[in-house]
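One-based numbering, in listed order, for ligands and for the atoms of each.
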Amino acid sequence: MEANQPHVLIVDDIDINREMLERILIRQKCKVSHAVDGIQALEILKTVTPDLILLDISMPRMSGYEVCEYVKADPQTEHIPVVFISAMGELEDKVRGFEVGGVDYITKPFKVEEVSARVNSQLTVARQRQKILELSEAQAHIIQTVSHDLKNPLQIIIGYASMLLEPNPPIDLVQDIAQQILNGANKMDQLVRQLLDLRQIESGSPLNIQPVSLAKVLVAIVMEYELPSQQKNLTLMLDFPSKDPLMIEADPLRIEQVFANLVSNAIKYTPEGGKVVIRVPVADEEAVTVEIEDNGLGIPEDALPKLFQRFFRVDTIPHRQAASGTGLGLAIVHGIVESHHGTIFVESEMNKGSIFAVKLPRTQ
Ligand code: ADP
């Protein structure tokens, strides 16, 4: 069975009808389940959620209308589209079918083209509906997370600014208070900037692609992060054995952003005295890989699949103490690498360290 194969439940008491519909649906690459009456259909729906139900109207024990009413009354199944199978194509049948929540009907005797067209159109609507649902859930999640992440620094700013407005502000603490306000404002600024950046990358805004020397980019990164590493007593090394500058087709600002982000993370999540190495193993003709290796906190195995999701942060005490980030950096990195037709992998072991490997196509 294919992963995204649509699943259709056929409910009809007549064997030959079920068999004919099944044959048509299998040709449409659908997965099919059967029920011989309404009672069996409702039983199946307790454990299975098909993408579509084809429901005969006149069946013994329970009519198709009644089955549909049950389906639409249950929050677990109400979203499943129901297409009625109507024997004589009577107008009354069709109207009643729509009244109880059906979305379409097919008439007997079946015409292959008609069944295929109506099933396909309902499956497309169902897929689009699911997509809209997922998008709206993702949007709600973003709004909730962003409001939460903005609220903390905002409360700090409000609290400290109020202290300054008191009748006798503590003069000796003014510097400290101003610093706290600035820290809070910087945090909000970073979150808003990263969100806008991610939006730009994900919306596929055009890249300024040109031949870029990887050697130059990495040397610039090392120079930029030399001071922050020294301040944390870390060793930062560039291991670039090739004399070839290794040209890639890239947007220079975006590709710098990738390595800056990865090196900055390696520094943030590596305790004092540790080591961060930017390594470029011998490249092949097609692609070049850059590894950013640290011997820091590492990442728990169960966190690895979620690492590139927006807002994801590893929730251990050492990680939280090491840095207060937004959880957007790696989502941005992932987006940029993908837009350059590259890939990114991570290997990590708790308390041993991590290796982030970025593979990019070379200029041909
Ligand atoms: P943040 O702004 O929180 O650093 P990122 O998206 O850059 O956001 O990273 C997501 C999370 O992944 C971080 O919060 C951190 O917990 C973890 N992480 C990233 N890089 C490393 C690393 N080199 N070592 C350990 N943990 C890391």
Between Gln180 and Ile156, what is the shortest heavy-atom contact and its length?
-> O-CG2, 4.0 Å
Among non-hydrogen protein atoms, atom 23 (N) of ligand 1 lies closest to Asp294 OD2, 2.9 Å
Roughly how far, to the nearest 0.5 Å, is NE2 of His341 from OG1 of Thr343?
-> 12.5 Å
In the protein, what heavy atom is nearest to atom 17 (C) of ligand 1, and what distance, to one decimal place, separates them?
-> Val314 CG2, 3.8 Å
Taking only heavy atoms of Ile299 into account, list the atoms of ligand 1 that are under 4.0 Å away from them.
-> 25 (C), 26 (N), 27 (C)
Test item, Ser354 contacting ligand 1 (heavy atom, 4.0 angstrom) | yes
A student checking ligand 1 against His319 at a 4.0 Å heavy-atom cut-off should list atoms 16 (O), 25 (C), 26 (N)
Quick one: nearest non-hydrogen protein atom to atom 27 (C) of ligand 1, plus distance?
-> Tyr269 CD1, 3.6 Å
Heavy atom of Gln194, distance to ligand 1 below 4.0 Å = no
Looking at Leu328, which atoms of ligand 1 are within less than 4.0 Å of one of its heavy atoms?
-> 6 (O), 8 (O)
Just by modelled atom types, is the Arg362 backbone N or O under 3.5 Å from a matching donor or acceptor in the Gln364 side chain?
-> yes
Does even one non-hydrogen atom of Phe308 get within less than 4.0 Å of ligand 1?
-> no
Atom 3 (O) of ligand 1: closest protein heavy atom, distance to 0.1 Å, is Arg313 NE, 2.7 Å
Provide the number and element of each atom of ligand 1 under 4.0 Å from a heavy atom of Lys268.
-> 1 (P), 2 (O), 4 (O)
Gly298 heavy atom under 4.0 Å from ligand 1 = yes
Please could you name the atoms of ligand 1 that Gly325 approaches to less than 4.0 Å, counting only its heavy atoms?
-> 1 (P), 2 (O), 3 (O)
More than 12 heavy atoms from other groups under 6.0 Å of CD on Glu134 = yes
Could you verify whether a donor N or O on one side chain and an acceptor N or O on the other, from Gln190 and Arg193, lie under 3.5 Å apart?
-> no
Among all protein non-hydrogen atoms, which one is nearest to atom 2 (O) of ligand 1, and what is the separation to 0.1 Å?
-> Thr326 N, 2.9 Å
Which word best sums up how the rings of Tyr269 and His319 line up, parallel for under 30°, tilted for 30 to 60°, or perpendicular for over 60°?
-> tilted
So, does Leu297 sit close enough to ligand 1 that a heavy atom of it is under 4.0 Å from the ligand?
-> no
Main-chain N/O of Lys268 paired to Lys232 side chain as donor or acceptor, under 3.5 Å = yes
The protein heavy atom nearest to atom 12 (O) of ligand 1 is Leu307 CD1, 3.5 Å
Is there a donor-acceptor contact under 3.5 Å from the side chain of Gln40 to the main chain of Val36?
-> yes
Any N/O of Phe356 closer than 3.5 Å to an N/O of ligand 1?
-> no
Just go through Leu330, Asn295, Asp315, Val333 and tell me whose heavy atom is the nearest to atom 6 (O) of ligand 1.
-> Leu330
Can you see which heavy atom on Pro241 is nearest to which on Asp239, and at what distance?
-> CD-O, 3.5 Å
Is there a donor-acceptor pair closer than 3.5 Å between any side-chain N or O of Asp251 and the backbone N or O of Leu207?
-> no
Considering only the protein, which heavy-atom contact is closest to atom 1 (P) of ligand 1, and what is its distance?
-> Gly327 N, 3.5 Å
Look at the side chain of His340 and the backbone N and O of Gly335, then say whether any donor-acceptor pair between them is shorter than 3.5 Å.
-> no
Heavy atoms of other groups near Tyr65 OH, more than 12 under 6.0 Å | yes
What residue and heavy atom of the protein are closest to atom 11 (C) of ligand 1, and at what distance?
-> Phe312 O, 3.7 Å
